[in-house]
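Chain A is the first sequence line, chain B the second, and so forth, proteins listed ahead of strands; every chain is numbered from 1.
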Amino acid sequence: MSLFSKVSQALENLKITKYVIRTDTLIDTEEKFNNAFTIVTGVDADGNSIESSDPNDWGVTWSQVKAEMEKL
Amino acid sequence: MGYVGSIVTQNVVDTANIADASITTAKLADSAVTNAKVNASASIAQSKLATLAITHANMPSGSIVQVVTMNKTTAQEHTNASWTDYLSDANTLKITPTSSSNTIIVSMMVDRGNGNITGEAHNLWRLKTTIGGSDTTYTNSTTVVKNDSSGYKYGNMGAFIGHVFAPNTTSEIKINLQSYVYSSKTATINPYGHNVGFTAMEVKA
């Protein structure tokens, strides 16, 4: 089982784009989601993603993602 | 007082006038025995040689003088049309060359994919090295996969990715994998959280 397929499907349904997920475990709690998720806020001069791990920048919360996951 | 052998004349002692096994090491001057005096077939036992210290200096060109390895179970996915690191900076593979003349071989055995998609996905992949905060990148592959069946599926783009480079430094090098989503879809690395291996080898110039 993929560690994040439901999460990524939920994010797609919530129209969240330009994100990154890095995880070593199945994402099924807010703590795991917050540790795994970043949003890309821009691109630097070398074309690299600029990421933010601040939930205030995300535009989505674990509660929203979890609710969407439960519909899948 | 007697003597061994025939009468010595003109102070010359030839081989025949020396008794077998009578020359002791004390009769040899220090440093008197040269390499040329040792028979090529002498086959001197290893036990009679001092332990040879294996140093980089006495290894031939092409020798592997350092290997670092790392295993990870990190799964990563993103949707960005910008180069995005697989691993966080703290978790990258790190190697510090012993000589600035040496080259580095990097290999990564990691499941790369197109994300859990339907339709076509087109991604780019490259290695990134960071030395003292300065990045250098090496584009490795362009991957396209198309899933026409219903439902979402992970597409595998291959496991092996690697490069050989001459960093010209003896400072620490951080090595990471990056991907770039070229098609408004996703890029995925190791989505099932399996064990993946990373290796960096330093080759003597």
Residues 29-54 of chain A vs chain B, non-hydrogen distance cutoff under 4.5 Å, contacting residues -> A/Val40, A/Val43, A/Asp46, A/Gly47, A/Asn48, A/Ser49, A/Glu51

Here the pair of heavy atoms bringing A/Phe4 nearest to B/Ala75 is CE2-CB, 3.5 Å

TODO: Please check if atom NZ in A/Lys18 has more than 12 non-hydrogen atoms from other residues, nucleotides or ligands closer than 6.0 Å.
DONE: no

Closest heavy-atom pair, A/Thr17 versus B/Thr79, reported as atoms and distance to 0.1 Å, is C-OG1, 3.7 Å

Checklist entry - Can you tell me if NZ on B/Lys204 sees more than 12 non-hydrogen neighbours from other groups inside 6.0 Å? => result yes

When rounded to the nearest 0.5 Å, the distance separating CD of B/Gln76 from CD1 of A/Ile21 is 9.0 Å

ring-ring contact (aromatic ring centres under 6.0 Å, His included) filter on B/Phe165, not counting sequence neighbours, yields B/Tyr138

Among B/Ser88, B/Ser82, B/Ala81, the residue with the most heavy-atom pairs under 4.5 Å to chain A is B/Ser82

Between the CG atom in A/Leu3 and the OG1 atom in B/Thr74, the distance rounded to the nearest 0.5 Å is 9.5 Å

Bottom line for B/Asp135: the part with an atom under 4.5 Å from chain A's heavy atoms is side chain

Of all heavy-atom pairs linking A/Tyr19 and B/Glu77, the shortest is OH-OE1, 3.3 Å

key: Beyond-backbone contact of B/Tyr86 with A/Arg22, side-chain heavy atoms, under 4.5 angstrom   = no

